[in-house]
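Remember, it's 1-based here, ligands and their atoms both numbered in the order they're listed.
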Amino acid sequence: MTITPPPTPRRVVFDEPEFGDPRSLEPDDLDFDVSRETTLPKPARTRTLVIANQKGGVGKTTTAVNLATALAMGGLNVLVIDLDPQGNASTALGIEHHEGIQGTYEVLTANSPIETLIKRSPEARGLWVLPATIDLAGAEIGLVSTPARESRLLHALRSFNRKYRPDYVFIDCPPSLGLLTLNALVAAEEILIPIQCEYYALEGVSQLLRTINLVKGAMNDQLVLSTVLLTMYDGRTRLASQVAAEVREHFPAETLKAAIPRSVRVSEAPSYGQSVLTYHAASAGAQAYMEAAAELAARGAAMTEEEQSA
Ligand code: ATP
Ligand code: MG
C-alpha cells in the first residue's frame, strides 16, 4: 500500500501570526469563555460524553478526535480527556504525551486541577486536550486502594466545568471495563458507543449495556446511552449493511444518521498528528465526521429546548 503524503503543509492554520505557537499558551489563555462566531449550535450547558466500547479497535479514539475537532471548527469549546494509556487521542490531536508530561494520570492520582495540565490542540481553536501518558497504565492498580477511586475524574471535571463551561467534553476510553473506564462512566452524563460494522459487533455491546446499568444504578443515575455511531462502514459489503440495519433496529433513536465510511484518509491522519478534518477535509471520512458532529450538536440544542419547555 502506498501512503500519499498530506495534501497541505501541517498546521497551516497556525502559521498565521496572531495565533503564535499554540503550545506556548498558558491555561489562563483558555478561550473557553470568549464568545465567538459559531456555525454549530451550542448546548445550553456542558455535554460530557464518554466514548466507550470495551471491544478494541472499533473507532473510539478516531471518533473522539474527529467529532471534537469538527465541533471546535464549528465554533464550540471542546475538551478531550485522553483516558487511554496508549495516548492515541493525544497523538492524533498533535499533543506530546511522552513520559514526564503531566496529564490524566496526575488528575486521577494527585488531584491536579484539569486546567493546569490541558494543552491547546493545534487542530482547531477552542480545542483542548488532557494528555495521557503510559503512566496511566499503572493508575488502574494504583487507584485500587484510594478512597472514592471511581469518582476522581468526576470531581476534577465538575470543578473544571463550573469554571470554564466548555460546550463539549469527550472522554476517550481504553478497550476495557476497568477502573479508568469506570471513572469515565461516573464522570459523564452521556455515552457514545462507536460500533464497527462487522460480525460480532453487537455481542460486546450487551456486556457494555450491563455495565452501564450497574454504574447507573450504583454511582451515576444521570448516565444515558445517548448516541451510537456506525464506524468503518463499507457500503459494498452486505455484512456491513446488515450490521448497520441491526444496530439501527436496536438503537433507533440513538444511532446517528451519518455513518463513518471505511476510509484510508481516516486511518492515515493520526500518523501526521492530525484529525482527518485538517488532513483531508474533502475526504468522505472527514465529511461523514462533520455530518455526525452537526447531528450531535443539533440534538444537543434540541435537548435544551425540550428541557426549557419542560
Ligand atoms: P482501542 O480500543 O485500541 O483504543 P479504538 O476503538 O480507539 O481502539 P481506533 O484507534 O479509533 O479504535 O481505530 C482502530 C484502527 O482503525 C486505527 O488504526 C484507525 O486509524 C482505524 N480506523 C478507525 N476508523 C476508521 C475508518 N473510518 N476508516 C479506516 N480506518 C479507520
Ligand atoms: Mg482508542
Does the residue [X] have a heavy-atom contact with ligand 1, meaning some pair of atoms that are separated by less than 4.0 Å?
{"X": "T231", "value": "no"}
{"X": "Q86", "value": "yes"}
{"X": "I260", "value": "yes"}

If we ignore angles and hydrogens, is there a donor and acceptor under 3.5 Å between the side chains of [X] and [Y]?
{"X": "D84", "Y": "Q86", "answer": "yes"}
{"X": "T61", "Y": "D172", "answer": "yes"}
{"X": "S112", "Y": "Y105", "answer": "no"}
{"X": "T133", "Y": "H98", "answer": "no"}
{"X": "D82", "Y": "S90", "answer": "yes"}
{"X": "E123", "Y": "S275", "answer": "yes"}

Atom 21 (C) of ligand 1: nearest protein contact (heavy atom, Å) = S267 CB, 4.2 Å
Starting from atom 8 (O) of ligand 1, which protein heavy atom do you reach first, and at what distance in Å?
-> G57 N, 3.0 Å
Check for a donor-acceptor pair, side chain of N66 on one end and backbone N or O of Y289 on the other, with a separation under 3.5 Å.
->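 Absent.
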Hey, does the side chain of E295 reach the backbone of K257 with a donor-acceptor pair shorter than 3.5 angstrom?
->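 Yes: the side chain of E295 pairs with the backbone of K257.
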Taking both backbone and side-chain atoms of [X], is any N or O found less than 3.5 Å from an N or O belonging to ligand 1?
{"X": "V264", "answer": "no"}
{"X": "G56", "answer": "no"}
{"X": "K60", "answer": "yes"}
{"X": "T61", "answer": "yes"}
{"X": "G59", "answer": "yes"}

Is there a protein heavy atom less than 4.0 Å away from atom 17 (C) of ligand 1?
-> no
Between CG on residue L76 and CG on residue L40, distance to nearest 0.5 Å | 5.5 Å
Reported CZ-to-CD1 distance for the pair R248 and I195, which is rounded to 0.5 angstrom = 10.5 Å
side-chain contact (heavy atoms from CB on, under 4.5 Å) between M303 and E190, worked out = CA-CA 12 Å; M303 260 163 53; E190 299 179 47; 3.9 Å; yes
Option nearest [atom] (shortest heavy-atom distance, choices [options]):
{"atom": "atom 29 (C) of ligand 1", "options": "A89, P174, P270, S263", "answer": "S263"}
{"atom": "atom 27 (N) of ligand 1", "options": "P261, A259, A92, G285", "answer": "P261"}
{"atom": "atom 11 (O) of ligand 1", "options": "T62, L230, D172, D84", "answer": "T62"}
{"atom": "atom 22 (N) of ligand 1", "options": "R262, E268, Q196, M232", "answer": "M232"}

What is the number of protein N, O or S atoms that sit under 2.8 Å away from the Mg ion (ligand 2)?
->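 For the Mg ion (ligand 2), the figure is 1.
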Should R262 and E198 count as an ion pair when the cut-off is N to O under 4.0 Å?
->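 A salt bridge is present here (some side-chain N lies under 4.0 Å from a carboxylate O).
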Salt-bridge contact E189-R45 (side-chain N to carboxylate O under 4.0 Å) |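 Judged by the 4.0 Å cut-off on N to carboxylate O distance, E189 and R45 do form a salt bridge.
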Taking all atoms of both residues into account, what is the closest heavy-atom pair of V276 and G285, and its distance?
-> CG1-C, 4.2 Å
Atoms of ligand 1 less than 4.0 Å from V58 heavy atoms?
->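 With V58 as reference, the close atoms of ligand 1 come out as 5 (P), 6 (O), 12 (O).
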